[in-house]
Asker: 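The following block contains the structure, expressed as structure tokens.
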Amino acid sequence: MTIDPYDPRLQSRNLTWADVDPDRHPFDPATALDTVRALAPAGGVPIPIGTTPRAATVRPRRTRAGTGSGS
């Protein structure tokens, strides 16, 4: 499944009550987990402001041997 982030249906300013009315679009807990598992992993999710990224995502600064300065 490919999601187009520019699809006007995904822009919250374009939503109407008919688009989100729970009576018209009921939540089906029986299929929710399968639907989520079918989605591709998130790529490019921004880090929330005020949080520190996990150590695995932080690249160490390279230094030149003997100078102590970064490059």
Side-chain angles (χ1 to χ4, degrees):
M1 168 193 283
T2 302
I3 297 175
D4 176 10
Y6 301 105
D7 186 333
R9 295 172 296 173
L10 299 177
Q11 306 300 317
S12 61
R13 64 184 170 272
N14 295 331
L15 291 176
T16 65
W17 180 245
D19 295 326
V20 297
D21 182 6
D23 290 334
R24 289 183 177 183
H25 308 282
F27 177 74
D28 182 5
T31 62
L33 189 56
D34 291 334
T35 301
V36 171
R37 286 182 174 157
L39 297 173
V45 176
I47 297 171
I49 295 173
T51 62
T52 304
R54 293 189 328 233
T57 64
V58 178
R59 292 176 50 189
R61 233 176 64 172
R62 294 185 341 204
T63 59
R64 293 185 191 159
T67 65
S69 63
S71 63

Asker: Show the nearest heavy-atom pair for residues A18 and H25, with the distance to one decimal.
Answerer: O-NE2, 3.0 Å
Asker: With sequence neighbours excluded, what pairs up with D7 under the salt bridge (Lys or Arg N to Asp or Glu O under 4.0 Å) test?
Answerer: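 D7: salt bridge (Lys or Arg N to Asp or Glu O under 4.0 Å) contacts with R9.
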Asker: Backbone N or O of T16 within a donor-acceptor pair of the D19 side chain at under 3.5 Å?
Answerer: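 Pair found, side chain donor or acceptor close to backbone of T16.
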